[in-house]
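Structure first, commentary second.
For ligands, and for the atoms within them, numbers begin at 1 and follow the listed sequence.
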Amino acid sequence: SRIPLAGVIGHPIAHSKSPRLHGHWLKTYGINGHYIPMDVAPQDLVQVIRTLPKAGFVGVNVTIPHKEAVMSAVDQITDRATLIGAVNTLTFREDGRILGDNTDGYGFMENLRSGAPDWDPKSGPAVVFGAGGAARAVITALAEAGVPEIIVTNRTRPRAEKLRDDFGQRVTVTDWVQAGNVVEDARLVVNTTSLGMIGKPELRVPLDGLRPDAVVTDLVYTPLKTRLLATAEEMGCTTVDGLGMLLHQAVPGFERWFGERPVVDAATRAAALR
Ligand code: SKM
């Protein structure tokens, strides 16, 4: 049979760490397959995806800016992808049907649980910065884990209000300027914005009131230790960097495509960073 192919579709795609990550697992498990980065412009997305199964692809990851648009190219979609409103993992089935899933919420929660094993979801509120696609994945996972209150704060309030309308009671909205106050009650703080990333402005939020038993995590992983995480660490908080989310979200796809559930460990991290 043919050598199984998988890959990641984005625009741009050069920055993606997925090819090194999956390449590491293919090598580790002795699987004769390939994982290829593909830069596809929005107007070509659906057409490219339709040709992939014939070219030997068993599935692909989909990243920015295609995660919402790709939903129109799938035949079947998982409940969690529907709830998040985005797809990041496609599986091309033998019968020709395309299955769309979203593993970002799963990756977020696995990363958090492995980096902060003492964090109890039910212990109290989570404060989430940002209301974009990544926030939707995070909030889905937090609600499922039983977090009693999810306080969303966004620079533009209407986007956060949309989240509250979609996710219901457990989500409340707080103005960005008030964020310093709500942080005082938080048992978990999550940055889902791109603030703090290399080349972007810093996330500026007063953390003085943060409880030392709070867990702070950032989806940004360039740099690995953002200013948010460095400040939280100085205050005695447990911190979890964002690279692990990328590693863990890749697990379900790799398993489906290549038939082996890969392990996320220090070697995986090192390989992704190479
Ligand atoms: O959801 C993931 C996606 O599967 C792959 C990726 C990447 O390669 O940078 C980032 C996230 O969007």
Side-chain angles (χ1 to χ4, degrees), residues 5-26 33-40 42 45 48-49 52 57-71 73-74 77-78 80-92 98-112 130-141 190-194 196-200 217-224 240-258 261-262 264 268-269 271-274:
L5 304 178
V8 56
I9 298 179
H11 186 64
I13 200 61
H15 66 280
S16 169
K17 297 191 187 303
S18 294
R20 263 166 301 199
L21 167 61
H22 286 266
H24 164 78
W25 282 333
L26 287 167
H34 296 285
Y35 185 99
I36 300 151
M38 289 170 275
D39 190 329
V40 177
L45 180 69
V48 167
I49 286 170
L52 290 176
F57 279 80
V58 288
V60 285
N61 287 122
V62 178
T63 189
I64 294 163
H66 301 314
K67 289 179 166 188
E68 282 105 31
V70 77
M71 294 175 83
V74 307
I77 185 162
T78 61
R80 59 184 182 178
T82 304
L83 195 59
I84 295 169
V87 159
N88 80 328
T89 306
L90 299 182
T91 302
F92 305 134
I98 301 178
L99 175 67
D101 190 11
N102 190 308
T103 65
D104 287 326
Y106 163 82
F108 169 77
M109 195 50 72
E110 285 299 301
N111 184 40
L112 188 57
R136 295 185 72 92
V138 165
I139 290 166
T140 302
V190 188
N191 174 38
T192 75
T193 75
S194 60
M197 195 185 280
I198 293 169
K200 300 260 170 137
T217 185
D218 203 324
L219 268 50
V220 170
Y221 55 81
T222 46
L224 281 173
V240 182
D241 73 48
L243 182 63
M245 177 174 173
L246 179 78
L247 307 182
H248 284 284
Q249 66 76 35
V251 168
F254 189 93
E255 181 179 25
R256 251 170 251 151
W257 306 327
F258 299 116
R261 191 166 183 87
V264 173
T268 320
R269 248 180 103 83
L273 289 172
R274 234 180 336 260

For ligand 1, which part of Thr89 has a heavy atom less than 4.0 Å away: the side chain, the backbone, both, or neither? neither
May I ask you to check if ligand 1 and Asn88 share an N or O to N or O distance below 3.5 Å? yes
State the atoms of ligand 1, each with its element, that fall below the 4.0 Å cut-off from a heavy-atom position in Ser16. 7 (C), 8 (O), 9 (O)
Enumerate the atoms of ligand 1 whose separation from the nearest heavy atom of Leu246 is less than 4.0 angstrom. 6 (C), 7 (C), 10 (C)
So which heavy atom on Arg80 is nearest to which on Tyr106, and how close? NH1-CB, 3.7 Å
d(Asp241 CG, Asp218 CG) to nearest 0.5 Å is 9.0 Å
Criterion ring-ring contact (aromatic ring centres under 6.0 Å, His included) on Phe254 and His22, from CA distance to verdict: CA-CA 7 Å; Phe254 189 93; His22 286 266; 5.8 Å; yes
For atom 3 (C) of ligand 1, what's the nearest protein heavy atom and its distance? Gln249 OE1, 3.8 Å
Which ligand 1 atoms does Thr63 reach within 4.0 Å, using its non-hydrogen atoms? 6 (C), 10 (C), 11 (C), 12 (O)
Distance in Å, Ile84 CD1 paired with Asn102 CG, rounded so as to fall on 0.5 Å steps: 3.5 Å
How close do Met38 and Gly7 get, heavy atom to heavy atom, and via which atoms? CE-CA, 4.1 Å
Interfacing atoms of ligand 1 (cut-off 4.0 Å, heavy-atom, Asp104): 1 (O), 2 (C)
Show the atoms of ligand 1 that are less than 4.0 angstrom away from any heavy atom in Val8. 8 (O)
The reported gap from CG in Leu219 to OG1 in Thr217 (rounded to nearest 0.5 angstrom) is 6.5 Å
Ranking Gly133, Gly253, Ser18 by closest non-hydrogen atom to atom 8 (O) of ligand 1, top hit is Ser18
Whether Trp257 side chain and Leu90 backbone form a donor-acceptor pair below 3.5 Å: yes
By number and element, which atoms of ligand 1 are closer than 4.0 Å to a non-hydrogen atom of Asn61? 4 (O)
